[in-house]
Amino acid sequence: MRVALFASGGEIPIHALDRLKQDCTVVAVIRARPHSGWRGTLRAAARRILRPGSATDELAERTSALSVAEWAMSGPNDPSIPARLAAAGVDLACIATFPWRLSESVLTAPRLGALNLHASLLPRHRGPNPWFWTYHADDREVGVTAHLCEPRIDRGPILTQARWALPRGHPVTVLHREVAERGAGLLQEVIERAKAGRLDAVPQDDAIATRAPRVPAGTPMLDPTWPAERAWHFLAGTVGQYMEPLRCEGRLIRYRHVAGFEIGENRKFPGHVETDRDHDGWKLWCPDGFVRIGSTAPR
């Protein structure tokens, strides 16, 4: 089985690449590399000189270590990619976090088409930001889906899924790793089915689909009517990836962790933030208590 991996960065494509390398011939890892001209080249070089650590690309390092070729894709309609996939005899394209919607000519160039790993239980949370909306919607289950690709993003038939319980206040950074590990397992399952000629899939139910768009920085997303436990779960789970624009006495606060919550008499209106004089941080008041927010990361 000859495969090509479309990938950006992070743990999901690294785990996917490792798994594919064990079970298949990985023809190439395809990265989004839009042309930036000589000015972009100079800026990138300057960043490497001034901030050496910022240039680290773990996926590129892993690709090189495994002796897999890297192809640059200049844009979502790069005409060279379908031709290269066909010329290399690619049987299946695998997508694991890619910033562009791929054209039909790219998706159909491999003999068996393309599949995508999506970090939700599709059709729930279609879109580029499923983790955030999993916490915002107060989902009690999380998962990862392998599905066949079609031009409409995240809407192709489902090949297989993994699901598990989401602990309350579970850090999204830990969830990233869990999704990466379980997603790699799904890839192995799908590859084995493809080798046996059983790449059957189940259509998604559009009637129960939800969207997961990006959230612009600084957009208030916490509902002040939420009980304290739900507000704590949302803030504690997403801290480090998302910061709710909370204000205390008119000033935006910069919190580093969410310590916990307390249920009791509500002495302030929901959504009010006040300084926590007994701790290094603030209290966010909810209808049934408050959430304790810290200004420094826990030790």
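Because the structure is a prediction, the values reported are computed rather than measured. Position 1 is the first residue of the sequence, and the numbers go up from there.
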* To do: Take the angle between the ring planes of Phe234 and Phe132 and call it parallel below 30°, perpendicular above 60°, tilted in between.
  => perpendicular

* Asked: How about Ile81 and Phe6: do any of their side-chain heavy atoms sit closer than 4.5 Å?
  -> yes

* side chain to side chain contact (heavy atoms under 4.5 Å, CB included) between Leu102 and Cys149, intermediate numbers included -> CA-CA 9 Å; Leu102 299 178; Cys149 295; over 6 Å; no

* **Expected output: side-chain Gln188 to main-chain Asp23 donor-acceptor under 3.5 Å** => no

* Give a yes or no on whether the backbone of Ala60 and the side-chain of Ser64 come within a donor-acceptor separation of less than 3.5 Å. => no

* To do: Can you sort out the partners of Pro213 under side chain to side chain contact (heavy atoms under 4.5 Å, CB included), two or more places apart, ordered by chain and number?
  => Trp133, Arg211

Distance-only check: which donor-acceptor pairs under 3.5 Å involve side-chain atoms of residues 201-209, not counting sequence neighbours?
unit_1	atom_1	unit_2	atom_2	d
Gln204	OE1	Arg126	NE	3.2
Gln204	OE1	Arg126	NH2	3.0
Gln204	NE2	Asp154	O	3.1
Gln204	NE2	Gly156	O	2.7
Asp205	OD1	Ala207	N	3.0
Asp206	OD1	Arg126	NH1	3.4
Asp206	OD1	Arg126	NH2	2.7

* Asked: If you look only at pairs with a residue in residues 168-177, which of them pass as a side-chain hydrogen bond (donor to acceptor under 3.5 Å, both in side chains), with sequence neighbours excluded?
  -> Asp138-Arg168, Arg168-Glu229, His170-Glu178, His176-Gln241

* How many angstroms lie between atom CH2 of Trp232 and atom CZ of Arg292, to the nearest 0.5 angstrom? -> 14.0 Å

* Asked: If you measure from CG on Leu115 to SG on Cys94, what distance do you get to the nearest 0.5 Å?
  -> 4.0 Å

* Answer yes or no: is there an ion pair linking Glu150 with Arg152, defined by an N-O contact shorter than 4.0 Å? => yes

* Asked: Do Thr145 and Leu117 have side-chain heavy atoms sitting under 4.5 Å apart?
  -> no

* For side chain to side chain contact (heavy atoms under 4.5 Å, CB included), just list the numbers for Phe261 and Ile293, CA-CA rounded to whole Å, side-chain angles, deciding distance to a tenth of an Å, and then say yes or no. => CA-CA 9 Å; Phe261 65 95; Ile293 299 172; over 6 Å; no

* Asked: Within 45 degrees of the axis of the six-membered ring of Trp285 and under 6.0 Å from its centre: does Arg267 put its NZ or CZ there?
  -> no

* Keeping the roles fixed (side chain from Arg19, backbone from Leu17), state whether a donor-acceptor pair exists under 3.5 Å. => no

* Structure fact -> CG (Asp278) and NZ (Lys283) are apart, to the nearest 0.5 Å, by 6.5 Å

* Structure fact -> Interatomic distance, CG@Leu92 vs CG@Leu199, rounded to 0.5 Å, equals 6.5 Å

* **Salt-bridge present (Arg31, Asp57; N to O < 4.0 Å)** => yes

* What about Trp131 and His136, are their ring centers closer than 6.0 Å? -> no

* Should Arg62 and Glu58 count as an ion pair when the cut-off is N to O under 4.0 Å? -> no

* Residues, nucleotides or ligands: over 12 heavy atoms within 6.0 Å of Arg140 CZ -> yes

* To do: Could you tell me whether the side chains of Glu189 and Thr160 share a donor-acceptor contact shorter than 3.5 Å?
  => yes

* To do: Answer yes or no: are there more than 12 heavy-atom neighbours, outside Glu104 itself, under 6.0 Å from its atom CD?
  => no

* State plainly whether the residues Arg2 and Asp91 are in salt-bridge range, i.e. N to O under 4.0 Å. => no

* Salt-bridge contact Arg230-Asp223 (side-chain N to carboxylate O under 4.0 Å) -> no

